[in-house]
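Here is the structure we will look at.
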Amino acid sequence: MSEPVNPFTRLPDLALRTYGGAVIAASDESFAERENLIKPGPAGFTPHTFGAKGQVYDGWETRRRREPGHDWALVRLGLPGVIRGVVIDTAHFTGNHPQYASVEACAAEGYPSAAELLDRADWTTIVPKSPLRGDTRHEFAVAADGETARRFTHVRLTIHPDGGVARLRVHGEVVPDPALLTGLTIDLAALENGGAVIGCSDMFYSSPVNLIAPGLARNQSEGWETRRRRDDGNDWVTLRLAGQGRIRLAELDTTNLIYNAPSHARLTAADARTAPPDDPSAWFELLPRTRLQPDTRHRFRLGADRPATHVRLDIYPDGGLARLRLYGELTPAGLAGLTARFAAGTA
């Protein structure tokens, strides 16, 4: 299979099962279950593994159509947001892949049923009907303006006329509902709350986006891990918080990192409303350089009361973390910014 070539593939997969995504309905799943579409990781394949319905596939596969029409799968995004690109991966489907595929999206608040979405939702085409090849990763950028550049909650993959797709990836930028965050102590760095990774020194083994993903990391691959440094420097990650806020408690989690945890870590912060983050003098210390233990959830009360919009994590000298949590509350300005983003439906 070809390697990712589009910048949008570095953005979070809004549909990922471990981020809360779900395939809530499909027209058919006779040969392979619809839920496989949004599983984490690449699709696997073991030749000559046959069940009662044929070769076993790690993907979604429909029966051979003997009448006009097409098949579809309806996905609820785990993280609603602005979609920047879609990947339709037909890995291991060679003589049984669809000829064409298209993708639509809609915005539906609350918890509508599949029937309600299919009957009443206002669907927008984000990927027009496009040809597919077998055993190929197809990357489709979504226009950054017009009707497609707004917050969506669901997508519908349509394949023409039938066949199998291994994975569906929906990459984009999270736009949270501020009504769920108002007046609460929240994780200001969390992906689901609108936090984002905007820079890092190294992502050799795994993405720094994993640091702010929902839930706990089940293994090393679900955290952030860098290569071994052979110089005198150190590795780092820079985050944009969900909005301007005051951070009260930091959690640095090295779970699953036993022989490759950092020896120390440091947290600094900046407030872009008062000084640009590219100005070194804008940064102030949240957590001084502090020793870490392997395979441990470290929790630190923070004394700084200054508001922040950005945080930098430095690890010494290299290694990785499973998760970074920054608990606090939004300032009025931070909440106003989130509210404006939500109202506009843009990232």
Side-chain angles (χ1 to χ4, degrees), residues 8-9 11-27 34-40 60 71-88 101-128 140-159 165 167-182 184 186-187 190-196 209 212-215 242-243 330 335 337-347:
F8 73 72
T9 59
L11 295 173
D13 177 3
L14 306 179
L16 195 65
R17 179 63 177 169
T18 50
Y19 290 177
V23 186
I24 62 175
S27 59
R34 65 187 193 242
E35 288 84 3
N36 291 331
L37 279 172
I38 59 172
K39 284 168 57 177
W60 169 54
D71 287 315
W72 52 266
L74 183 59
V75 178
R76 184 189 69 237
L77 302 180
L79 301 174
V82 177
I83 299 169
R84 300 302 189 191
V86 172
V87 177
I88 301 174
S102 58
V103 181
E104 302 161 280
C106 74
E109 299 309 316
Y111 305 96
S113 68
E116 290 168 335
L117 289 166
L118 294 171
D119 290 343
R120 298 198 293 270
D122 182 15
W123 293 93
T124 298
T125 298
I126 59 173
V127 176
F140 301 98
V142 175
D145 54 13
E147 279 297 303
T148 59
R150 58 188 178 91
R151 182 181 188 267
F152 292 113
T153 60
H154 297 75
V155 297
R156 179 168 58 189
L157 168 66
T158 300
I159 57 174
V165 173
R167 294 290 189 267
L168 175 68
R169 304 301 188 205
V170 184
H171 295 278
E173 300 165 48
V174 179
V175 179
D177 183 349
L180 303 177
L181 308 178
T182 304
L184 301 175
I186 64 170
D187 180 358
L191 189 61
E192 61 188 330
N193 293 337
V209 174
I212 58 175
L330 291 164
L335 179 58
L338 269 185
T339 303
R341 284 177 58 204
F342 182 79
T346 59

Checklist outcome for this item: Separation between CZ (Arg169) and OG1 (Thr9), nearest 0.5 Å, reads 12.0 Å
Checklist entry - For Cys106 and Ala121, which heavy atoms make the closest approach, and how far apart are they? => result SG-CB, 3.9 Å
Next on the checklist: Tell me the closest heavy-atom pair linking His154 and Trp123, and the distance in Å.
Outcome noted: O-CZ3, 4.1 Å
Checklist entry - Do Ser102 and Thr125 touch side chain to side chain, with heavy atoms closer than 4.5 Å? => result no
Next on the checklist: On a heavy-atom basis, which atom in Glu116 and which in Pro112 lie closest, and how many Å separate them?
Outcome noted: OE1-CA, 3.3 Å
Checklist entry - Considering all heavy atoms of both residues, which atom of Arg151 and which atom of Ala107 are nearest to each other, and what is their separation? => result O-CB, 3.5 Å
Checklist entry - Taking atom CD1 of Ile126 and atom CZ of Arg156, what is their separation to the nearest 0.5 Å? => result 11.5 Å
Next on the checklist: Between Arg150 and Thr124, is there a side-chain heavy-atom distance shorter than 4.5 Å?
Outcome noted: yes
Next on the checklist: Side chains of Leu157 and Val75, heavy atoms from C-beta outward: is any pair under 4.5 Å?
Outcome noted: no
Checklist entry - Rounded to the nearest 0.5 Å, what separation is found between the CD atom of Glu147 and the CG atom of Asp122? => result 8.0 Å
Next on the checklist: Can you list everything that forms a ring pair (Phe, Tyr, Trp, His ring centres under 6.0 Å) with His171? Sequence neighbours excluded, please.
Outcome noted: Phe8
Checklist entry - How long is the gap from CG on Leu330 to CD1 on Ile186, to the nearest 0.5 Å? => result 4.0 Å
Checklist outcome for this item: In short, Ala108 meets Leu117 closest at the heavy-atom pair CB-CD2, 3.6 Å
Pair up each side-chain donor or acceptor in residues 15-25 with any protein partner under 3.5 Å, not counting sequence neighbours, and list the distances.
| residue | atom | partner | partner atom | Å |
| --- | --- | --- | --- | --- |
| Arg17 | NH1 | Gly21 | O | 3.0 |

Item to check | Name of the residue among Leu79, Leu11, Leu77 meeting side chain to side chain contact (heavy atoms under 4.5 Å, CB included) with Val170 | outcome: Leu77
Next on the checklist: Within this structure, what is the CD1-OG distance for the pair Ile159 and Ser27, rounded to the nearest 0.5 Å?
Outcome noted: 7.0 Å
Item to check | Minimum-distance pair of heavy atoms, taken over all atoms of Trp60 and Ala26 | outcome: NE1-CB, 4.1 Å
Checklist entry - Hey, does Glu192 have a side-chain heavy atom less than 4.5 Å from the side chain of Asp187? => result no
Checklist entry - Judged by atom type as modelled, is there a donor-acceptor pair below 3.5 Å linking the side chain of Thr148 to the main-chain atoms of Val142? => result no
Next on the checklist: Test side-chain contact (heavy atoms from CB on, under 4.5 Å) on Ile88 and Leu168; report intermediate values, then the result.
Outcome noted: CA-CA 5 Å; Ile88 301 174; Leu168 175 68; 4.1 Å; yes
Item to check | Sidechain-backbone polar pair: Arg167 side chain, Asn36 backbone, donor-acceptor under 3.5 Å | outcome: yes
